[in-house]
Amino acid sequence: METTREAQAMNDPQEGGPKGLVLQRLIRWAIVLIVVAVVLILPRPSGITSQAWTLLAIFLGTITGSILRPIAGGAMVLLGVSAVAITGALPIRDALGGYADPIVWMVLAAFFIARAMVKTGLGHRIALLFIRVIGHRTLGLGYALVSTEFLLASIIPSTGARVGGVIFPIAKSVSEAYDSKPGATAGKLGAFLMVMLYQCEVIICAIFLTGQASNVLVAKFAQQTAGVDLSYGRWLLGGIVPGLVALVLVPQLLYRIFPPGIKHTPAAAEMARQELRQMGPMKWREWVLLTVFIVVASLWLIRGMAGFLPVAPGAASSPLLAALTYLSKLDYSIPPLFGVCALLLSGVLDWEEIITERTAWDVFLWYGGLVRMAEALGETGLTKRFAETSASFTTGWPWWLALAGLVLVYFYTHYGFASITAHVTSMFIPFLVVIIAAGAPAYLAVLLLAYFSNLAASLTHYGTTSAPIYFGAGYVSQKDWWRLGLITSLPNILVWSVIGLLWWKLLRWW
């Protein structure tokens, strides 16, 4: 989703090639078709309509295709949407209904704001400001870039834009300034920075609903399957405490088990000062974008306050409370759409940039299609039937044991996925219904699976969009990348399972 591994997972252009590549593609198509055929051949459970069974077959085929990628992921979803309409599994209006979902438009608009962040150089300026202040030591330099991404992730779901457009170029240039390049000198600085930034990024992805594009898909599945509303504010509130603890702990751990050769980086802070001088004062486009950024984030936070505002008669009699009450009822898609309109009217973005933002439209296409198919599948009763059947496997287990075991399995199965999206769409709902059927509190099950969906991407060099960017720089071997990913997964799991559970208990969420 978001010109990296996860982006390739959804955007991979499928061009003709040598016979071996053609054969691989044919094998992948064969597996997709076999999955569909097997489901259609299997006896249909009583009470399940033929349309629902066909929908299940097409949905599983679409998910399999999204994982194997015999064709681009967006194209795979388009084929799936078309198939459910052609076969009559869903009426055409229902099949296309996902593209009217406000959350789909929220993600689309946020990608356009990300385009403006890269174009204006505001994200670059923010990173330089952090480096100037805390970039005198290697660990501080890393935290400066992590802080930049933390700020950007509060509104920009494109990890490709954040990392490829802002964070990685700075990290690479600073490493090279200290003569740390792929090969013999990688360990001086570059290797540590690449690993630290990536491991912190997956934590940041978990903290914000806008941390990466699949999070809104998780929130949608949670609402449809368990009736749990993960709004922007609630997602952030649930993730901020364990997330900040993890952001402190993980870099310190990496600093000790994978230390950089250079511990002090005064030249980085000086380089930031020089570059900021060259950039000069903020341009009007940056001010416009900064204003939009603050307004959109503020409106999202106010939207999350809906349950905390007075509702008694006369409680909203003051103009301020009346305004807050009105704003708290705005749909989540409205603030970023307002922001994009402001950027267009001010000239910060032009229409050509909007229509050529390929990644944004690709996400719109696959996300809208998957949302509706998954929603329709839940309406058929198949999800409930699956939960009832699967519950027998955990009969006699304490709910906490079933929860612990299943979320660990969910976490480490990410080794088999080249994107968070594929992992979530294929496994989130089945694992959620089984855990709830075992007696675990629904809210707790949703939170652990939601945050673990992001944290699991730390395991490999293809776990999410930014992984191939950092790994592809050539500073770290695959062996070290996987070793460090496995090691850091342990404190992440511990922090989010212990501190997270205590924090959510304090919030009375379970």
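Small disclaimer: the values here were computed from a predicted structure and weren't measured. What's counted below: heavy atoms across the whole structure, side chains too, no hydrogens, waters or symmetry copies.
- Across all their heavy atoms, Val104 and Gly368 have their closest contact at CG2-CA, 3.9 Å.
- Proximity of a side-chain donor or acceptor of Trp300 to a complementary backbone N or O of Ser154 within less than 3.5 Å is not detected.
- Taking the six-membered ring where the residue is Trp, Trp105 and Phe364 present perpendicular rings, their angle passing 60° and hence far from 30°.
- Without hydrogens or angle criteria, Tyr232 side chain to Ala297 main chain gives no donor-acceptor distance under 3.5 Å.
- For the pair Leu365 and Val77, the tightest heavy-atom approach, listed with the atom from each and the gap, is O-CG1, 4.0 Å.
- For the side-chain hydrogen bond (donor to acceptor under 3.5 Å, both in side chains) test, no residue two or more places apart in sequence or in another chain qualifies with Asp229.
- Once rounded to the nearest 0.5 Å, the distance linking OH of Tyr198 with CD1 of Ile469 reads 10.5 Å.
- In this structure, Trp361 and Phe111 have side chains that are not in contact, with every pair of non-hydrogen atoms separated by 4.5 Å or more.
- Rounded to the nearest 0.5 Å, atoms CD1 (Ile86) and CD1 (Ile92) are 8.5 Å apart.
- Here the closest non-hydrogen pair linking Val166 and Gly123 is CG1-O, 3.4 Å.
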Identify every side-chain donor-acceptor pair in residues 244-253 under 3.5 Å, counting partners at least two apart or on other chains, and give the distances.
residue: Gln252; atom: OE1; partner: Arg256; partner atom: NH1; Å: 2.9

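- For Thr210 (side chain) and Ile156 (main-chain N/O), no donor-acceptor pair under 3.5 Å exists by modelled atom type.
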Original post:
Passes side-chain contact (heavy atoms from CB on, under 4.5 Å), Ile63 versus Leu370? Steps please.
Top reply: CA-CA 9 Å; Ile63 297 303; Leu370 283 179; 3.9 Å; yes
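- In this structure Thr64 satisfies the side-chain hydrogen bond (donor to acceptor under 3.5 Å, both in side chains) test with no other residue, sequence neighbours excluded.
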**OP:** Starting from the C-alpha separation in whole Å, work towards a yes-or-no answer on side-chain contact (heavy atoms from CB on, under 4.5 Å) for Trp481 and Val195.
**Re:** CA-CA 7 Å; Trp481 194 278; Val195 172; 4.2 Å; yes
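- Pairs passing the ring pair (Phe, Tyr, Trp, His ring centres under 6.0 Å) check and including a residue from residues 43-91, sequence neighbours excluded, do not occur.
- In terms of modelled atom types and a separation under 3.5 Å, the side chain of Asn492 and the main chain of Ile203 share no donor-acceptor contact.
- Proximity of a side-chain donor or acceptor of Ser214 to a complementary backbone N or O of Leu217 within less than 3.5 Å is not detected.
- Classified by interplanar angle (parallel below 30°, tilted 30° to 60°, perpendicular above 60°), the ring pair Trp235/Tyr451 is perpendicular.
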Subject >> Steps toward side-chain contact (heavy atoms from CB on, under 4.5 Å) verdict (Leu96, Val81) >> reply: CA-CA 7 Å; Leu96 298 176; Val81 171; 3.8 Å; yes
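- Under the salt bridge (charged side-chain N to carboxylate O under 4.0 Å, His left out) criterion, no residue pair touches residues 203-213, with sequence neighbours excluded.
- The shortest side-chain heavy-atom distance between Ile354 and Val340 falls under the 4.5 Å cut-off.
- Between the side chain of Arg162 and the backbone N or O of Gly211 there is at least one donor-acceptor pair closer than 3.5 Å.
- To the nearest 0.5 Å, the span separating CD1 on Ile204 from OG on Ser466 amounts to 10.0 Å.
- Counting only heavy atoms from C-beta outward, the side chains of Leu56 and Leu377 approach each other to under 4.5 Å.
- The side-chain heavy atoms of Leu237 and Trp503, taken from C-beta on, include a pair separated by under 4.5 Å.
- Residue pairs meeting the side chain to side chain donor-acceptor pair (under 3.5 Å) criterion with at least one member in residues 75-100: none, sequence neighbours excluded.
- In terms of the side-chain hydrogen bond (donor to acceptor under 3.5 Å, both in side chains) criterion, residue partners of Trp482 (sequence neighbours excluded) are, by chain and number, His461.
- At a threshold of 4.5 Å between non-hydrogen side-chain atoms, the residues Trp510 and Leu501 count as touching.
- Taking each heavy atom of Val363 and Ala213 in turn, the nearest pair found is CG1-CB, 4.4 Å.
- Of all heavy-atom pairs spanning Phe112 and Ala360, the tightest one is CE2-CB, 3.7 Å.
- Rounding to the nearest 0.5 Å places OG1 of Thr62 at 9.0 Å from CG of Leu55.
- Note that CG of Leu151 and CD1 of Ile126 are 5.0 Å apart. Values are rounded to the nearest 0.5 Å.
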Please tabulate, for side-chain N and O atoms in residues 407-416, each donor-acceptor pair with protein atoms closer than 3.5 Å (sequence neighbours left out).
residue: Tyr410; atom: OH; partner: Ser453; partner atom: OG; Å: 2.7
residue: Tyr412; atom: OH; partner: Ser489; partner atom: OG; Å: 2.9
residue: Thr413; atom: OG1; partner: Val409; partner atom: O; Å: 3.1
residue: Thr413; atom: OG1; partner: Tyr410; partner atom: O; Å: 2.7
residue: Thr413; atom: OG1; partner: His423; partner atom: NE2; Å: 3.3
residue: His414; atom: ND1; partner: His423; partner atom: ND1; Å: 2.8
residue: His414; atom: NE2; partner: Gly463; partner atom: O; Å: 3.0

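- Sorted by first then second residue, the salt bridge (charged side-chain N to carboxylate O under 4.0 Å, His left out) pairs that include residues 207-220, not counting sequence neighbours, are Asp101-Lys220.
- With a 4.5 Å cut-off on side-chain heavy atoms, Trp366 and Thr421 count as touching.
- Partners of Thr425 according to the side-chain hydrogen bond (donor to acceptor under 3.5 Å, both in side chains) rule, which considers only residues two or more places apart in sequence or in another chain, do not exist here.
- When every heavy atom of Ala95 is checked against every heavy atom of Val84, the shortest pair comes out as CB-CG2, 3.8 Å.
- Atoms CE and CG, from Met106 and Leu209 in turn, are 5.0 Å apart once rounded to the nearest 0.5 Å.
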Counting only pairs under 3.5 Å, give me each side-chain donor-acceptor contact of residues 433-449, with atom names and distances, residues two or more places apart or in other chains.
residue: Tyr443; atom: OH; partner: Arg234; partner atom: NH1; Å: 3.1

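- Between the side chain of Thr225 and the backbone N or O of Ala222 there is no donor-acceptor pair closer than 3.5 Å.
- With sequence neighbours left out, the salt bridge (charged side-chain N to carboxylate O under 4.0 Å, His left out) criterion links Arg44 to no other residue.
- The shortest distance between side-chain heavy atoms of Leu289 and Ile113 falls below 4.5 Å.
- Side-chain contact between Glu149 and Val163 is present, with heavy atoms from C-beta onward closer than 4.5 Å.
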Original post:
Does the pair Cys205 and Thr464 meet the rule for a side-chain contact (heavy atoms from CB on, under 4.5 Å), with working shown?
Top reply: CA-CA 10 Å; Cys205 286; Thr464 187; 5.7 Å; no
